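Side-chain atoms are counted along with the backbone in the values below, which use heavy atoms only and exclude waters and symmetry mates. Computed from a prediction, not measured in an experiment: that's the story for all the values here.
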Protein chains: 2
Amino acid sequence: MSGTHTGVPSVLANELPRPVPIDDLEACPVGDLFRRLGDKWSMLLLILLGSRPHRYNELHRAIEGISQRMLTRTVRALEADGLVRREVHPTVPPSVEYSLTPLGQTLLEPLSALADWAVRHEAEMNEARSHHTSA
Amino acid sequence: MSGTHTGVPSVLANELPRPVPIDDLEACPVGDLFRRLGDKWSMLLLILLGSRPHRYNELHRAIEGISQRMLTRTVRALEADGLVRREVHPTVPPSVEYSLTPLGQTLLEPLSALADWAVRHEAEMNEARSHHTSA
DNA sequence: CAGCATCCAGGGCGATACTG
DNA sequence: CAGTATCGCCCTGGATGCTG
């Protein structure tokens, strides 16, 4: 299983959204994806763009905790990954519109499932955190 | 902000995994969840624990890019969030087993969907990245 | 084996200021 | 409006050593 990613969980090769028996995350695309989405802003941005295209400052205001630097940086990274499209309108007051590419749209689905989970289990997480027994 | 999270996407209140019309992420649990999972290791750890319980050093080896510090730190955070269970076996060579809580199990589903997406679209992302035209 | 403590380096990241 | 440039903090994360 240390060869190429031949050892990639066969489950994933199927089409089920069930428990993933992964053991070597670095060797498989799963680790790769999570490395890219595993930052403070990427998933947030994707979800936001999933609702509708946004302009730079719209994103900036919507996220609100993000700095211009990280907004630009993150959105550019997503663009490089083919998930986000950056469209520049050469108007007088320049406007740039960000939207999901078709590929990004497909990613939106599992991402929305995650967002959905968040809403459903918000209470449980908060409660668990308050228990936080001992340490 | 528009009141409490009354503005929380009604879509999420339903039961569909489709585009999420979010506009104020900080005011809703979605932003909260993504803030917690939006780090370098949390999702990786959850996926890994989703396949089966792991012991400390098993996790350390499986992730391999993680330091002891961050492993302990991340796993503890997930424990505090009620997603991971930490079980100490008072054997002579002490062994600690980490596993998903029932809540964590439910989170595993959307997470697996994400992992599944990674496998399916690996090629597309890599290609997009190679194009990466201009900038 | 599991894990904490400390030191230390690098870079992630934000704040501010400036430009086209 | 949509960025870029610069600065600096602090978190991430590695190495090492110690404890139970």
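B:His54 places its NE2 atom 12 Å from the P atom of C:dA2, with the value rounded to the nearest Å. Rounded to an integer number of Å, the gap from A:Leu59 CG to D:dC1 C1' is 13 Å. C:dC1 atom C1' lies 12 Å from atom CD of B:Glu58, rounded to whole Å. With rounding to whole Å, A:Arg36 atom CZ is found 13 Å from C:dG12 atom P. If you take NE2 of A:His60 and C1' of C:dT16, they are 12 Å apart, rounded to a whole angstrom. In this structure, CE of B:Met70 is placed 15 Å from P of D:dA15, rounded to the nearest angstrom. If you take CZ of A:Arg76 and C1' of C:dG12, they are 18 Å apart, rounded to a whole angstrom. At whole-Å resolution of the value, CZ in A:Arg73 and P in C:dC13 are 8 Å apart.
Here the closest heavy-atom approach between residue A:Ile47 and residue A:Leu111 is recorded as CD1-O, 3.7 Å. Here the closest heavy-atom approach between residue B:Ala128 and residue A:Gly82 is recorded as CB-CA, 3.6 Å. Here the closest heavy-atom approach between residue B:Val75 and residue B:Leu59 is recorded as CG2-CD1, 4.3 Å. Here the closest non-hydrogen pair linking A:Leu108 and A:Gly50 is CD2-CA, 3.5 Å. Pairing each heavy atom of A:Glu58 with each of A:Arg55, the nearest pair is OE1-N, 2.7 Å.
Residue contacts shown for A:Leu71 are absent, as no nucleic acid heavy atom lies under 4.0 Å away.
Side chains of A:Val30 and B:Leu114 form no contact here, defined as non-hydrogen atoms less than 4.5 Å apart.
For the pair A:Glu97 and A:Arg69, both in contact range of DNA chain D, the more 5′-proximal nearest nucleotide belongs to A:Glu97.
The base of C:dA5 does not come close enough to the side chain of B:Gln68 for any donor and acceptor atom to sit less than 3.5 Å apart.
Closest contact between the side chain of B:Asn57 and the listed nucleotides C:dC13, D:dG3, C:dC1 involves C:dC1. Each of C:dA2, C:dC4, C:dC13 was ranked by its minimum atom distance to the side chain of B:Tyr56; first place goes to C:dA2. Which of C:dA15, C:dC1, C:dG3 sits closest to the side chain of B:Pro94 comes down to C:dC1. Checking C:dA2, D:dG3, C:dC13 against every side-chain atom of B:Val96, the shortest atom distance belongs to C:dA2. Side chain of A:Ser95, nearest nucleotide from D:dG3, D:dA2, D:dT12: D:dA2. Here C:dG3 is the nucleotide among D:dG3, D:dT12, C:dG3 with the atom lying nearest to any side-chain atom of B:Thr72.
Proximity of B:Arg55 to the phosphate of C:dA2: a side-chain N or O atom is located under 4.0 Å from OP1 or OP2. For the OP1/OP2 pair of C:dG14 and a distance below 4.0 Å, the side-chain nitrogens and oxygens of A:Trp41 include at least one atom meeting the criterion. Side-chain N/O atoms of B:Tyr98 include none lying less than 4.0 angstrom from OP1 or OP2 on C:dC1.
In this structure, CG in A:Leu100 is found 12.0 Å from CZ in A:Arg85, a value given to the nearest 0.5 Å.
Scored by the side chain to side chain donor-acceptor pair (under 3.5 Å) test, A:Arg86 finds A:Tyr98 as partners (sequence neighbours excluded).
Contacts between residues 81-93 of chain B and DNA chain C, defined by a heavy-atom separation under 4.0 Å, are made by B:Arg86.
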